[in-house]
Amino acid sequence: GAVVSQHPSRVICKSGTSVKIECRSLDFQATTMFWYRQFPKQSLMLMATSNEGSKATYEQGVEKDKFLINHASLTLSTLTVTSAHPEDSSFYICSARPASQGGYEQYFGPGTRLTVT
Amino acid sequence: QKEVEQDPGPLSVPEGAIVSLNCTYSNSAFQYFMWYRQYSRKGPELLMYTYSSGNKEDGRFTAQVDKSSKYISLFIRDSQPSDSATYLCAMNSGGYQKVTFGTGTKLQVIP
């Protein structure tokens with residue numbers, strides 16, 4: 001149980017285009033989903049927290065107009081990187097917190113490798 | 001100073017060795033402590049969690065928390081090549097507070 005999927009697993013796009021990444025909780029309902037970014041040899045950096053049906057809460061320094069997050073249902077959240085630039089190339093990971101669990105537990109997706117050329 | 005400090009390694013050990021992975025933290029409000037395992041190019045997988053101080057054992061894995069020293073450890077007994085991964089510690093103050101991650105320690109178990 002507690003499986004989270006991400007699609008696509010890797011994507012290459014040209015500078016200036018937009019890319020959408022999907023995060024789904026497959027066997028549980030997630031009231032809260034998180035989006036992280038991970039650079040090589042660095043820790044997970046929380047980008048934003050999204051709650052179903054409400055606007056995402058972005059961490060300091062994360063441009064909300066560039067990284068659009070939509071949490072349309074209890075099993076789906078999407079991250080759209082708009083007008084992508086090479087510096088947006090990174091590993092993006094989502095996680096989902098089950099509605100029935102305490103605050104500490106979250107399950108991660110397999111990640112999406114974004115390369116902007 | 002980072003809220004959570006973790007030696008990035010890499011740590012290389014022979015198969016069968018006991019592995020000790022550690023994190024220190026500065027926020028005394030942290031109550032929940034987790035260890036995640038992350039294989040290359042994959043998302044982290046929750047291994048263990050501990051509330052407050054004490055020990056918790058699960059098979060070959062033991063998690064220890066010493067809140068007085070702000071120090072947590074993960075021990076892996078009889079390490080296997082399949083344990084080769086990056087191990088991240090994580091913690092938060094409970095409820096629905098933000099989880100803070102360490103940078104991860106890369107472990108390699110050599111057959």
Side-chain angles (χ1 to χ4, degrees), chain A residues 1-10 21 23-26 30-51 54 56-60 62 90-115, chain B residues 1-11 21 23-27 29-52 56 58 63 65 72 85-108:
Chain A
V3 178
V4 176
S5 70
Q6 263 183 261
H7 178 78
S9 57
R10 48 191 325 167
I21 302 170
C23 177
R24 292 181 185 272
S25 55
L26 298 184
T31 49
T32 305
M33 288 187 171
F34 305 90
W35 287 95
Y36 294 86
R37 190 170 176 178
Q38 189 176 35
F39 293 101
K41 298 184 181 180
Q42 292 190 29
S43 184
L44 294 165
M45 185 193 81
L46 179 65
M47 298 174 66
T49 301
S50 73
N51 292 292
S54 61
T57 302
Y58 290 81
E59 294 297 303
Q60 192 174 8
V62 178
S90 188
F91 193 52
Y92 292 86
I93 307 177
C94 72
S95 71
R97 175 183 286 154
S100 58
Q101 297 290 341
Y104 60 86
E105 200 153 0
Q106 51 183 301
Y107 298 94
F108 286 85
T112 296
R113 174 76 56 188
L114 171 63
T115 303
Chain B
Q1 182 189 7
K2 291 181 182 177
E3 264 194 308
V4 179
E5 298 275 1
Q6 185 174 11
D7 187 335
L11 178 63
L21 304 166
C23 287
T24 59
Y25 63 95
S26 58
N27 189 342
F30 287 146
Q31 297 279 350
Y32 289 92
F33 303 91
M34 289 77 75
W35 285 96
Y36 286 84
R37 177 175 61 195
Q38 185 176 21
Y39 291 111
S40 181
R41 301 177 186 177
K42 300 291 184 184
E45 168 195 12
L46 179 64
L47 271 180
M48 297 187 73
Y49 70 89
T50 312
Y51 171 69
S52 194
K56 188 171 185 178
D58 184 2
V65 175
I72 70 170
T86 296
Y87 290 79
L88 299 108
C89 63
M91 51 198 79
N92 79 346
S93 56
Y96 291 88
Q97 299 302 309
K98 171 183 166 183
V99 175
T100 302
F101 288 84
T103 53
T105 299
K106 186 170 183 179
L107 170 67
Q108 184 178 17

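Naming convention: chains lettered A, B, ... in sequence-line order (proteins, then strands); numbering from 1 in each chain.
Contact annotation for B:K106: neither backbone nor side-chain heavy atoms come within less than 4.5 Å of a heavy atom of chain A. A:Q6 does not touch chain B: none of its heavy atoms, backbone or side chain, sits under 4.5 Å away. Looking at B:Q31, there are no atoms closer than 4.5 Å to chain A (heavy atoms on both sides), in backbone or side chain.
Interface remark: of the candidates B:P44, B:A90, B:G104, B:G43, B:P44 forms the most heavy-atom pairs closer than 4.5 Å to chain A.
With hydrogens and angles disregarded, a donor-acceptor distance shorter than 3.5 Å links the side chain of B:T103 to the backbone of B:Q6. The closest donor-acceptor contact from the side chain of A:T32 to the backbone of A:N51 lies at 3.5 Å or more, if one exists at all.
The aromatic rings of B:F30 and B:F33 sit perpendicular, their planes meeting at an angle over 60°, well past the 30° parallel limit.
The shortest side-chain heavy-atom distance between B:K98 and A:T57 does not fall under the 4.5 Å cut-off.
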